[in-house]
Visitor: 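Provided herewith is a single structure, encoded as structure tokens, for subsequent inquiry.
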Amino acid sequence: MREEFWRRHKRKLYVTLGVCGSGYLLYKLYDARTRRLSDLQKQFADEKENEELIKAQIQAHFESVQRIADSTTLPHVMDLLDTRLAENLDLTHSTERLIQGKGQPNTLSTTEKLELWDRLKILSFTKMVSSLWSMTMLSLYIRVQVNILGRHLYIDTARGLGSSHLLDEAELIDKNDEQQFLACVDYLSNYGLVSLISDTEAVTSEVLTGKQLRDFFNVSVLHDTIVHILDTLMSMGSPNRWVGYLMPEDAGDYKISHATKFELLMRETRAVLSSAEFSNIVDISLRTVVSELLKDLSFHCGENNLSSGMPLAKLVPRIAQTSQLLLQESNRNRYIQIIRSIPEVELFFTLLYSSTPT
Ligand SMILES: *[C@@H]1O[C@H](CO)[C@@H](O)[C@H](O)[C@H]1NC(C)=O
Ligand SMILES: *[C@@H]1O[C@H](CO)[C@@H](O)[C@H](O)[C@H]1NC(C)=O
């Protein structure tokens, strides 16, 4: 009877035992896994907390560099540019002589008067274009510097993560290198401006050849003239020759292996400025600033004067004053803000911060 039972239920029993057994095994496995998982999760959480802390440190440092650049560096850089432009392109002499000549009809011969006017015409455009170019470039250049610094900080910290101690902020990048690097933004005002002005003057005089003082200039003619000068200036000489207005020639190419941090930062900046992507945002930024400046200029010329067209002779004194329009504190902040919010410019800097250096 019993044997009969066993025989009948053997299969069922094995199956049941089997299920229970594997159930137990599964349970054991599950338990071990969850225990390991929670260990892992804890370990991961600790690492993550560490990483978050470091990320927050980097973010805070990056933001502080950005804030210093915006609040201190930028105004200082623009003021210096304004001063240097005024020193290097002083139009008062020509203007005063013309005014004197107007008051006393016989002090200037017709030829002298025409020469003075021609000079004033070229210098006024030169001053407008040099101011526009410098203001736009410096605002972009400072952001390139800040983003390169920020990225280096990130990379240095990520490397330091392996040694698993929180790095002191000061260890991350040498303060000296950082300051020396940021100070290079004044290269344009202190050294590059002289060549920028003389090149702009040469280009302007070529572009304005044949433009008479009685010719009528409306917004679109003026727009095309400025863009023509800018385009010629940017394509002058060897490719990216204009980078030379912004930073010194790279003399340390051969010593890549023991280059200082400062040299590495400078080399990277040069690579960014010489890239096709940067040229593209420079182009977009310059055009945007030209359009915005023309709106301001139209306003200063009086209602509808510039849209219907006015003689170049009447326009020249206004053109001479555009550098004030561009570099006056409240205005330049507006222009800088406009450049900053161009979508292509925003995208460029986001990518610059997150890409690895080449
Ligand atoms: C501006 O002037 C040019 C040349 O005088 C003319 O061809 C053009 O139609 C004018 N544009 C506007 C918007 O008035
Ligand atoms: C511009 O237009 C205003 C009127 O809105 C007029 O009074 C002024 O003389 C014009 N300026 C020039 C430079 O033509």
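Count residues from 1 along the sequence. Counting starts at 1 for both ligands and their atoms, following the listed order.
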Visitor: Indicate yes or no: does an N/O atom of Arg318 lie under 3.5 Å from an N/O atom of ligand 2?
Guide: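 No - when backbone and side-chain N and O of Arg318 are compared with those of ligand 2, no distance drops under 3.5 Å.
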Visitor: Going by the atom numbers of ligand 2, which of them fall below 4.0 Å from some non-hydrogen atom of Asn305?
Guide: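 Answer, ordered by atom number: 1 (C), 2 (O), 3 (C), 8 (C), 10 (C), 11 (N), 12 (C), 14 (O).
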Visitor: Any sub-3.5 Å donor-acceptor pair from Arg270's side-chain atoms to Pro248's backbone N or O?
Guide: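 Yes; at least one donor-acceptor contact below 3.5 Å.
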Visitor: Answer yes if a protein heavy atom lies under 4.0 Å from atom 7 (O) of ligand 2, otherwise answer no.
Guide: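 Given the 4.0 Å cut-off, atom 7 (O) of ligand 2 does not count as touching protein heavy atoms.
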Visitor: Can you establish whether the number of heavy atoms outside Glu52 located under 6.0 Å from its atom CD is more than 12?
Guide: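 Yes, enclosed.
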Visitor: Distance to 0.1 Å, residue and atom name: give those for the protein heavy atom nearest to atom 14 (O) of ligand 1.
Guide: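 The closest one turns out to be Asn218 ND2, 3.2 Å.
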Visitor: Is the closest side-chain donor-acceptor distance between His300 and Gln321 under 3.5 Å?
Guide: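 Side-chain D/A pair, His300 to Gln321: absent.
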Visitor: Using a cut-off of 6.0 Å, state whether more than 12 heavy atoms not belonging to Tyr191 lie near its atom OH.
Guide: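 Not more than 12 within 6.0 Å, no.
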Visitor: Does the protein come close to atom 4 (C) of ligand 2 - that is, does one of its heavy atoms sit below 4.0 Å from that atom?
Guide: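 No, there is no protein heavy atom closer to it than 4.0 Å.
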Visitor: Mark yes or no for whether Asn88, through its side chain, and Arg84, through its backbone, hold a donor-acceptor pair below 3.5 Å.
Guide: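 Pair found, side chain donor or acceptor close to backbone of Arg84.
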Visitor: Please say whether more than 12 non-hydrogen atoms of neighbouring residues, nucleotides or ligands are located less than 6.0 Å from CD in Glu87.
Guide: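 Yes, the 6.0 Å shell around CD holds more than 12 heavy atoms from other groups.
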Visitor: In terms of atom number and element, which parts of ligand 2 are under 4.0 angstrom from non-hydrogen atoms of Met310?
Guide: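 Answer for ligand 2: 13 (C).
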Visitor: Could you tell me, atom by atom, which parts of ligand 2 come under 4.0 Å of a heavy atom of Cys301?
Guide: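 The list of qualifying atoms is 1 (C), 11 (N).
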Visitor: Which of the numbered atoms in ligand 1 are under 4.0 angstrom from any heavy atom belonging to Ser220?
Guide: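 Here the atoms of ligand 1 in question are 1 (C), 11 (N).
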